[in-house]
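A short worksheet on the structure shown next.
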Amino acid sequence: MSTVRVRFAPSPTGGLHLGGVRTVLYNYLFARQHGGQFILRIEDTDQTRFVPGAEQYIQDCLAWCGLIPDESPAHGGNYGPYRQSERKAIYLPYAQQLVAAGQAYYAFDTPEELEAKRKAVPNFQYSHATRMEMNNSLRLGEAVTKELLEKNTPHVIRIKMPENETVTFTDMIRGEVSFNASQSDDKVLLKADQMPTYHLAVVVDDFLMKITHAFRGEEWLPSAPVHVLLWKYLFGLDKMPQWAHLPLILKPDGNGKLSKRDGDRLGFPVFAMNWTDPKTGEQTKGFKEMGFLPAAFTNLLAMLGWNDGTEQELFSLEELVQKFSMERVHKGGAKFDFEKAKWYNHEWIKRLGVEGMRQVAASQLQEHGIAAEADYTNKVIALVKDRCTLLTDFWQESKFFFETPAQYDLPSVQPKWNDKKQQFFVEIIRQFELMQFWNATDLEKEFKEMMAVHELKPGDVLLPLRVMLVGGKSGPAVFDIAAVLGKEETIARIKAMMKLLQLQK
RNA sequence: GGCCCGUUCGUCUAACGGUUAGGACAUCAGAUUUUCAUUCUGGUAAUAGGGGUUCGAUUCCCCUACGGGCUACCA
């Protein structure tokens with residue numbers, strides 16, 4: 001049994017989509033599980049769609065997810081180059097071989113002619129039914145073809161799809177799939193610029209790169225017979241990789257493939273990382289910048305179309321490597337649910353140690369121009385971490401630890417404020433000042449004793465205290481907050497708001 | 001239109017042909033936290049329809065419906 005080799009083969013045309021990352025993930029898991037290699041191959045055969053920076057961006061996304069290829073344009077390898085544009089010369093001989101064998105032919109029809117034809121004939125297909133009406137070597141004959149070729153007439157090479165042949169192959173997810181070869185049209189294999197189309201390039205490169213298993217989105221299923229035929233003609237079916245056509249990731253509402261537009265429309269990311277279109281300057285949010293943990297991202301992606309058969313939902317990448325199996329991948333597409341995605345992230349944040357949150361916290365503090373002691377920040381993280389669904393929630397959840405509240409929720413305190421409470425806080429300040437140990441337990445004890453003395457109920461003074469310290473009604477336990485804030489700051493904040501309350505009177 | 005693929009709670013999904021059709025997200029109710037979030041407890045909620053095969057069908061087969069994908073010198 002040869003070494004497992006799989007590849008992810010994106011074209012560098014823009015942001016990396018959820019579905020793309022999931023394909024990467026499944027490839028990666030499969031490779032690791034079988035001790036094989038995972039290859040990144042850039043399919044940049046269409047110059048017109050090439051977007052500068054997109055390739056680097058893809059590499060960055062994979063790196064962020066922790067799905068590092070073993071071979072790629074950046075990493076090199078023994079089967080390079082890994083950019084199809086740099087392999088251009090490789091494909092022509094294979095196409096010519098097919099022509100020589102009568103399995104493909106030259107076609108001289110110009111794009112304009114084809115367009116006109118498609119306009120004139122509804123549902124026009126360049127196939128066995130129509131190919132003898134077109135300008136190709138099949139109709140023109142050898143002599144004319146030779147002449148045209150010698151005159152450098154622009155031409156493409158098309159596969160000649162057989163008329164009466166059923167193409168059958170076994171898909172790892174779907175089982176046996178059959179197509180009538182004549183249903184497919186005579187796909188272009190080599191374009192006029194001598195670049196291969198996807199159809200020729202995948203087959204040739206998968207062979208040359210010794211790919212053993214080929215995973216791709218379901219949208220490729222209809223063209224699979226072309227690829228199977230090409231394998232048969234060129235290299236032999238016994239060498240063909242095992243195919244798996246992955247189900248699509250669908251939009252949450254309605255139906256259809258999830259697209260970037262859906263994300264914009266519904267307010268969630270679709271790309272792994274922020275992407276800026278170099279042409280339009282248009283920016284698209286990514287999961288990374290939105291505050292997702294890579295572990296959560298890969299986890300949630302893995303579960304979109306796969307499960308291990310148990311009720312477990314939280315899997316680390318290592319666990320996925322162990323447990324993943326292509327046989328348990330679904331056939332049907334899955335609607336993407338951002339709420340569930342956030343749940344995964346929250347779970348992963350909760351699993352994260354204070355250590356893991358440090359970087360995130362530091363950069364958010366820096367963003368807001370705050371310089372805080374590491375020790376202090378750690379205490380805050382410990383208190384606030386589990387309250388964050390997204391990493392980016394950190395600042396919102398913790399800012400009152402780093403700056404005095406800009407505003408106080410007076411309306412929820414003021415109406416019930418009275419001299420009795422005023423007196424209580426005057427004395428609690430004095431009491432706090434005297435305290436030797438400053439920790440949540442002692443603070444709470446002192447506070448409650450004082451409450452008893454003043455015959456106040458917790459409800460009377462706990463909320464005011466919270467508003468004094470936080471500015472609003474949310475946050476962790478009040479005495480925990482006071483403990484972290486420290487004696488000086490706590491007292492200062494109590495005084496500050498009492499002053500405000502006085503002024504209102 | 002043609003070809004192909006698919007269909008279990010609103011969503012992601014589980015269920016060797018035998019289960020009170022299970023879990024999770026969301027949602028609702030209650031408890032805890034005298035706040036908010038977390039957490040806990042409980043509830044609502046599904047096998048698209050019709051035919052077969054079978055003692056027995058969510059599961060196998062056929063038809064219908066619905067949904068999706070593809071139908072470029074794009075991938």
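Source: prediction; values computed, not measured. Here is how names work: the chains are called A, B, and so on, in the same order as the sequence lines, proteins then strands, and each is numbered from 1.
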Where each residue is assigned the nucleotide of RNA chain B containing its nearest heavy atom, which of Pro154(A) and Arg466(A) is assigned the position nearer the 5′ end? Arg466(A)

Partners passing side-chain hydrogen bond (donor to acceptor under 3.5 Å, both in side chains) against Asn299(A) (at least two apart in sequence or in another chain): Trp348(A)

For atom C1', what is the distance between U27(B) and C63(B), given to the nearest Å? 38 Å

Centre-to-centre under 6.0 Å for Phe287(A) and Phe297(A), is that the case here? yes

Applying side-chain hydrogen bond (donor to acceptor under 3.5 Å, both in side chains), name anything that partners Asp277(A), two or more places apart in sequence or on another chain. none

Within residues 453-467 of chain A or reaching into it, pairs that qualify as side-chain hydrogen bond (donor to acceptor under 3.5 Å, both in side chains) - sequence neighbours excluded: Glu427(A)-His454(A)

Looking at C5(B), A75(B), A72(B), which one has an atom nearest to any side-chain atom of Val177(A)? C5(B)

Taking the ring centre of each residue, are His227(A) and Tyr198(A) less than 6.0 Å apart? yes

Does Gln125(A) reach a base, just sugar-phosphate, or nothing at all? Heavy atoms under 4.0 Å. sugar-phosphate

How is Pro122(A) classified with respect to the nucleic acid when contacts are heavy atoms under 4.0 Å: base, sugar-phosphate, or nothing? nothing

Can you sort out the partners of Lys416(A) under side-chain contact (heavy atoms from CB on, under 4.5 Å), two or more places apart, ordered by chain and number? Lys421(A)

Less than 6.0 angstrom separating the ring centers of Phe315(A) and Trp306(A), yes or no? yes

Scan Ser412(A) against the nucleic acid and name what it touches under 4.0 Å (heavy atoms): base, sugar-phosphate only, or nothing. nothing

Heavy atoms within less than 4.0 Å of RNA chain B: which residues of residues 179-186 of chain A have one? Give them sorted by number. Phe179(A), Gln183(A)

Nearest whole angstrom, please: distance from the P of C25(B) to the CG of Leu314(A). 10 Å

Euclidean distance for C1', G69(B) against G30(B) (whole angstrom): 47 Å

Please enumerate all protein N or O atoms sitting under 3.5 Å from an N or O of nucleotides 12-18 of chain B, with distances to 0.1 Å.
residue	atom	partner	partner atom	Å
C12(B)	OP1	Lys335(A)	N	2.9
C12(B)	O2'	Met303(A)	O	3.4
U13(B)	OP1	Gly305(A)	N	3.2
U13(B)	OP1	His330(A)	ND1	3.4
U13(B)	O3'	Asn307(A)	ND2	2.8
U13(B)	O3'	His330(A)	NE2	3.0
A14(B)	OP1	Asn307(A)	ND2	2.8
A14(B)	OP1	His330(A)	NE2	2.9
A14(B)	OP2	His330(A)	NE2	2.9

Would you mind reading off the distance between Tyr91(A) atom OH and A75(B) atom P, rounded to a whole angstrom? 11 Å

Report which part of the nucleic acid Lys257(A) touches: base, sugar-phosphate, or nothing (heavy-atom distance under 4.0 Å, all strands). sugar-phosphate

